[in-house]
Amino acid sequence: MARTIIIEETGGPEVLKLVEREVGAPGPGEIRIRHEACGLNFIDVYQRTGLYPLTLPHALGMEAAGVIEAVGEGVTHLKPGDRAAYAATPPGAYSEARVMPAAQVCPLPEGISFEEAAAIMLQGLTVEYLFHRVWPVEKGQTVLFHAAAGGVGLLACQWARSEGIRLIGTAGTDEKCALAVENGATECINYRSHDFVAELKALTGGAGVDLVMDGVGKDTFEGSLDCLKPLGMMISFGNASGPVPPVNLLALAARGSLKVTRTTLFTFLADHDRCQAMARHLFEKVESGAVRPVIGRRYRLEEIAEAHRALEARETTGSTVITP
Ligand code: NDP
């Protein structure tokens, strides 16, 4: 049996429910993993509220780290006793143990703790694809990155610094801006007290940026287009403030042949070999010291509703880790 968080209906943090569930044995292509730590991500909120629908009842949580207990037929990259970590579907990581598909579960190097892995798998793999697999971001280019003091944000600041990319962040308080700069943002704009488009233009001598990475969504999308140079690239990857309304393609032409994409991590992880390569790349960055997991808060599994509330209330910085 394993203590597991499920939802039976969509709604506020109060719908998160702690239950005991049978874990069972892994079938072909599956593993059973005992979790030492799980991660909290904004996608968990979208699933809880129904923005990203699940068939209910459903367990929640998309990332965790722990020890492999058993492997099913055909699984060759993991064995019982291995340390492992993942960002993967289906949701179910908020639990003591689970059975799940093996393809997206990655061997975890000794030098990275379970807590650190739970803090970086989903958010760090996101940064990996944002900087290397969507569009060729080059040394010397300038990126505008929204919510730069968040979980994905602080890792993005560090990653950009390690690649010689100028990352101009935005964040909701001066304290968060200072944290983003400490982590590698070259500048950070408080977008609650300032007009981020005007500030960005001033910081770039009127030129704008080559690329925008926007996980905030509704509140920042239009302004972000105004921050791009002609031929610039907009990567929209989240909806923390709500989903982006339909886009008028002519607005992209008028601003100078802009490009827009809406990405999701799980497209990049769907291929087993690519997923494992992305994880090795992330682990190398951590082991080299270029990227350092920033765990802002820790909660126990039974405190999960409070963790969700804090994330939605913009109270967190960096990553939040849940101990089962
Ligand atoms: P964060 O830790 O960044 O938390 C979200 C942050 O968004 C808040 O702290 C807040 O920072 C900012 N924000 C702005 N407006 C709002 C609002 N109205 N309500 C709540 N927060 C707001 O979360 P994550 O690191 O988990 O994720 C960041 C974004 O990236 C999310 O949108 C997430 O869904 C997305 N994501 C997308 C992936 C993909 O592949 N598509 C993968 C991983 C994450 P501030 O106070 O500074 O404004």
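Counting starts at 1 for both ligands and their atoms, in listed order.
Residue F237 holds the heavy atom nearest to atom 35 (C) of ligand 1 of all those in Y191, Y52, F237, F268. Of the options G215, G172, A147, the smallest heavy-atom separation from atom 47 (O) of ligand 1 is shown by G172. In this structure, of Q123, K218, E312, R314, the residue bringing a heavy atom nearest to atom 24 (P) of ligand 1 is Q123.
Side chain of R274 to main chain of F268: a donor-acceptor pair is present (N/O by atom type, distance under 3.5 Å, no hydrogens or angles). When atom types are taken as modelled, the side chain of D210 and the backbone of T142 share a donor-acceptor pair closer than 3.5 angstrom. Side-chain N or O atoms of E312 include none that pairs as donor or acceptor with a backbone N or O of F42 at under 3.5 Å. No donor-acceptor pair closer than 3.5 Å links the side chain of R34 to the backbone N or O of G66.
Residue F42 has at least one nitrogen or oxygen atom sitting less than 3.5 Å from a nitrogen or oxygen atom of ligand 1, judged on distance alone. The N/O atoms of L265, backbone and side chain alike, include one that comes under 3.5 Å of an N/O atom in ligand 1. Of the N or O atoms in R192, none lie within a sub-3.5 Å distance of an N or O in ligand 1. For the pair G150 and ligand 1, the shortest N or O to N or O distance does not fall below 3.5 Å. Backbone and side-chain nitrogen or oxygen atoms of A240 are examined, and one is located within less than 3.5 angstrom of a nitrogen or oxygen of ligand 1.
Residues T220 and Y191 have side chains that never bring a donor and an acceptor to within less than 3.5 angstrom of each other. Judged purely by distance below 3.5 Å, without hydrogens or angles, the side chains of E128 and H281 pair a donor atom with an acceptor atom.
Remark: ligand 1 atoms within the under-4.0 Å shell around heavy atoms of L311 are 2 (O), 4 (O). With ligand atoms numbered from 1 in the order given, ligand 1 contributes 31 (C), 32 (O), 33 (C), 34 (O) to contacts under 4.0 Å with heavy atoms of Y46. Under a 4.0 Å criterion applied to the non-hydrogen atoms of A171, ligand 1 contributes the atoms 47 (O). Set against the non-hydrogen atoms of N239, the atoms of ligand 1 under 4.0 Å away are 32 (O). With ligand atoms numbered from 1 in the order given, ligand 1 contributes 39 (C), 40 (O), 41 (N) to contacts under 4.0 Å with heavy atoms of T264. Within ligand 1, the atoms closer than 4.0 Å to a non-hydrogen atom of K176 are 9 (O), 11 (O), 45 (P), 46 (O), 47 (O), numbered from 1 in the order shown. Here is the list of ligand 1 atoms found below 4.0 Å of a heavy atom in Y129: 39 (C), 40 (O), 41 (N). Using a 4.0 Å cut-off to heavy atoms of G151, the atoms of ligand 1 that qualify are 1 (P), 2 (O), 3 (O), 25 (O).
Residue R262 places a heavy atom under 4.0 Å from ligand 1. In this structure, F266 does not count as a contact residue of ligand 1, since none of its heavy atoms falls inside 4.0 Å of the ligand. Contact between T263 and ligand 1 is present, with at least one heavy atom of the residue lying under 4.0 Å from the ligand.
Under the 4.5 Å side-chain criterion, counting only non-hydrogen atoms from C-beta, T49 is not in contact with T10. Counting heavy atoms from C-beta on, the side chains of V143 and E163 never come closer than 4.5 Å.
Contacts between V152 and ligand 1 below 4.0 angstrom, taking non-hydrogen atoms only, involve backbone and side chain alike.
For atom 18 (N) of ligand 1, the nearest non-hydrogen atom of the protein is S241 CA, 3.5 Å. Nearest protein heavy-atom neighbour of atom 42 (C) of ligand 1: T126 OG1, 3.1 Å.
Residues Y86 and H35 bring their aromatic ring centres within 6.0 Å.
The aromatic rings of F196 and H146 stand perpendicular to each other, their planes meeting at an angle above 60°, with 30° marking the opposite boundary.
Salt-bridge formation is detected for the pair R255/E222: a Lys NZ or Arg NE/NH1/NH2 atom is positioned less than 4.0 Å from an Asp or Glu carboxylate oxygen. By the 4.0 Å N-to-carboxylate-O rule, R83 lies too far from E36 to be salt-bridged with it. Using a 4.0 Å cut-off between charged nitrogen and carboxylate oxygen, R297 and E306 do not count as a salt-bridge pair.
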